[in-house]
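First listed ligand is number 1; within each ligand, the first listed atom is number 1.
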Amino acid sequence: SKAEGRGAYRFFESQMDSDVRERRMLELELRQALKEGELVLHYQPLVSAEDNQPSGFEALVRWNHPIRGLVPPSEFIPLAEQSGLIKQIGDWTIEAACAAATAWPDDLIVAVNLSAKHFQLSDIVAVVAAALDKTGLPPHRLELEITESLLIEQPEDVIEKLRRIKALGVTVAMDDFGTGYSSLSYLLKFPFDKIKIDKSFVTASSEDAVARDILRSIASLGKTLKIHITAEGVETQEQVDFLREIACNQLQGFYFARPLDEMDLAGYVLANFRD
Ligand code: C2E
Ligand code: CA
Ligand code: CA
Ligand code: CA
C-alpha cells in the first residue's frame, strides 16, 4: 500500500542518515588519529629474487585504534580519499617513511604507496622534495608506487609531474599491474622503473597455467622494456621457484615476511645485515 511505501521510504532515509553520520564520525576520528599519532607504518621486505637478500621495504599504513585495534588501510583510505583527508595522511606517510629509512642500512630503499587522490589534491612534487629535504634521505632510496588509475584522468599533467619526481632522483613503480585496462600503453608513455605484478596473478599461478603464461609474458616484457619486475603476494616455495625460473627481479610476500612493525623491523634488519 501507499502508507507502507512511505514507511519504507522513511526507514531508508533514516538508515541513510545514520550511514552519513557514521561516516562523519569516522572521519572526525581519523582526523584526530592523525594528530594523536595513531597512524603507524608497517614495513614489508622486498627481496631480490637472485639471492634472497632484502633490497628494501614497502611502507603500509595502519590505524592503531585504541579500541578497534589495528585497522587495515582498506577500511580508512577510501574514506580519507572521499573527505580530502588523504592530503594530510599522504604527506605524513611520505615523510614518516623517509624518516624511518634514514635509520636503515644505506643500500635499502623505502617504497611508499601514493593515492591518486593525494596526487591530484596537492603539489605532489613539492611534497616529495620537502620530505627528502627534511629527513635527509637520499632521493634514490625513495620509491613511489602508483596505480594506473592515476594515469586515466589527465595523463599529460600526471606524466609531467612524474617526470619531475624522477628528475629528483626518486624511482617510480607501477603497482597492481595487470588489473587495469590499458597498462601497456602507459608503459610506453612513461618510463616506470619498476612494475609490480598484482598478487592475483601470483596466487592464481599455483593452479592455473594461463596465469603462469601471463606472468611469463610480463617478465619478458620487463626484459624488453628494461623495467624491473616485482611479484607481490608470494606465499609458497613453488611460487618462488616459478618466479625465479621466469626471471622476475624482486619478490615480496608472506613467504618471506609479513609487514613488520617498527620493533620487528629492527630485529629483521639485525638478522639480515651484519654491518
Ligand atoms: P598494495 O599496495 O597492493 O599492498 C599489498 C597488500 O598485500 C598489503 O595489504 C600487504 O599486507 C598484502 N600482502 C603482502 N604480501 C602478501 C601475501 O603474500 N599474501 C597476501 N594475501 N597479501 C599480502 P595492506 O597493508 O592491507 O594494504 C592494502 C592496500 O592499501 C595496499 O595494496 C595499498 O593499495 C593501500 N595502502 C597501504 N598503505 C598505504 C599508504 O600508506 N598509502 C596509500 N595511499 N595506500 C596504502
Ligand atoms: Ca603497493
Ligand atoms: Ca600491489
Ligand atoms: Ca593492491
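- With salt bridges taken as basic N to acidic carboxylate O contacts below 4.0 Å, one links K196 and E58.
- With respect to F76, the side chain to side chain contact (heavy atoms under 4.5 Å, CB included) criterion is satisfied by exactly one of L85, V61, L26: V61.
- Counting heavy atoms closer than 4.0 Å to ligand 1, residue K196 contributes nothing at all.
- Looking only at side-chain heavy atoms (C-beta outward), V240 and V234 come within less than 4.5 Å of each other.
- A salt bridge does not link R23 to E27: none of the charged nitrogens lies less than 4.0 Å from a carboxylate oxygen.
- Atoms of ligand 1 lying under 4.0 Å from any heavy atom of Q44, numbered from 1 in the order shown and given with element: 14 (C), 15 (N).
- Protein N/O/S atoms nearer than 3.0 Å to the Ca ion (ligand 2) total 4.
- Residue Q252 has no nitrogen or oxygen atom sitting less than 3.5 Å from a nitrogen or oxygen atom of ligand 1, judged on distance alone.
- In this structure, H118 does not count as a contact residue of ligand 1, since none of its heavy atoms falls inside 4.0 Å of the ligand.
- Between Y255 and ligand 1, not a single N/O pair is under 3.5 Å apart.
- Contacts between T93 and ligand 1, counted as non-hydrogen atom pairs separated by less than 4.0 Å, involve the side chain only.
- Here the straight-line distance linking atom NZ of K194 with atom OG1 of T171 works out to 6.5 Å at 0.5 Å rounding.
- Listed by number with element, the atoms of ligand 1 under 4.0 angstrom from any heavy atom of P259 are 11 (O).
- Inter-residue side-chain proximity for L142 and I109 is flagged as unmet; no heavy-atom pair is nearer than 4.5 Å.
- For ligand 1, the atoms closer than 4.0 angstrom to any heavy atom of E235 are 17 (C), 18 (O), 19 (N), 20 (C), 21 (N).
- Counting heavy atoms from C-beta on, the side chains of I146 and D175 never come closer than 4.5 Å.
- The shortest side-chain heavy-atom distance between P45 and Y268 falls under the 4.5 Å cut-off.
- At a 4.0 Å cut-off, at least one heavy atom of G233 sits close enough to ligand 1 to count as contact.
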D193 vs K166, salt bridge (Lys or Arg N to Asp or Glu O under 4.0 Å): CA-CA, chis, key distance, verdict:
CA-CA 9 Å; D193 300 284; K166 275 197 79 167; 3.2 Å; yes
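- Listed by number with element, the atoms of ligand 1 under 4.0 angstrom from any heavy atom of S115 are 44 (N).
- When P73, P78, G90 are ranked by how near their heavy atoms come to atom 26 (O) of ligand 1, first place goes to P73.
- In the vicinity of E232, heavy-atom distances shorter than 4.0 Å reach the ligand 1 atoms 3 (O).
- Of the heavy atoms in H42, none comes closer than 4.0 Å to ligand 1.
- Where the criterion is an N or O separation shorter than 3.5 Å, residue side chain and backbone included, E145 fails it with respect to ligand 1.
- Close N/O approach between I77 and ligand 1 is not found [any backbone or side-chain N/O within under 3.5 Å].
- Considering backbone and side-chain atoms together, D175 places an N or O closer than 3.5 Å to an N or O of ligand 1.
- Between F254 and ligand 1, at least one pair of N/O atoms sits closer than 3.5 Å.
- Taking the centre of each ring, W104 and F273 stay at or above the 6.0 Å mark.
- Counting the atoms of ligand 1 from 1 in the order shown, those under 4.0 Å from a heavy atom of E58 are 2 (O), 4 (O).
- Between K161 and D123, none of the side-chain N atoms (NZ, or NE/NH1/NH2) sits under 4.0 Å from a carboxylate O, so this pair counts as no salt bridge.
- With a 4.0 Å cut-off on non-hydrogen atoms, D176 touches ligand 1 through its side chain and not its backbone.
- Put simply, the side chain of E232 does not reach to within 4.5 Å of the side chain of F177, judged on heavy atoms.
- Between atom CD of residue E145 and atom OG of residue S115 there is a gap of 13.5 Å, rounded to the nearest 0.5 Å.
- At a threshold of 4.0 Å, the pair R212-E245 does not count as salt-bridged, since none of the basic side-chain nitrogens sits closer than that to a carboxylate oxygen.
- Residues F192 and Y186 place their aromatic rings such that the two centres sit no closer than 6.0 Å.
- With ligand atoms numbered from 1 in the order given, ligand 1 contributes 15 (N), 18 (O) to contacts under 4.0 Å with heavy atoms of G253.
- Side-chain polar atoms of D91 and H118 form a donor-acceptor pair below 3.5 angstrom.
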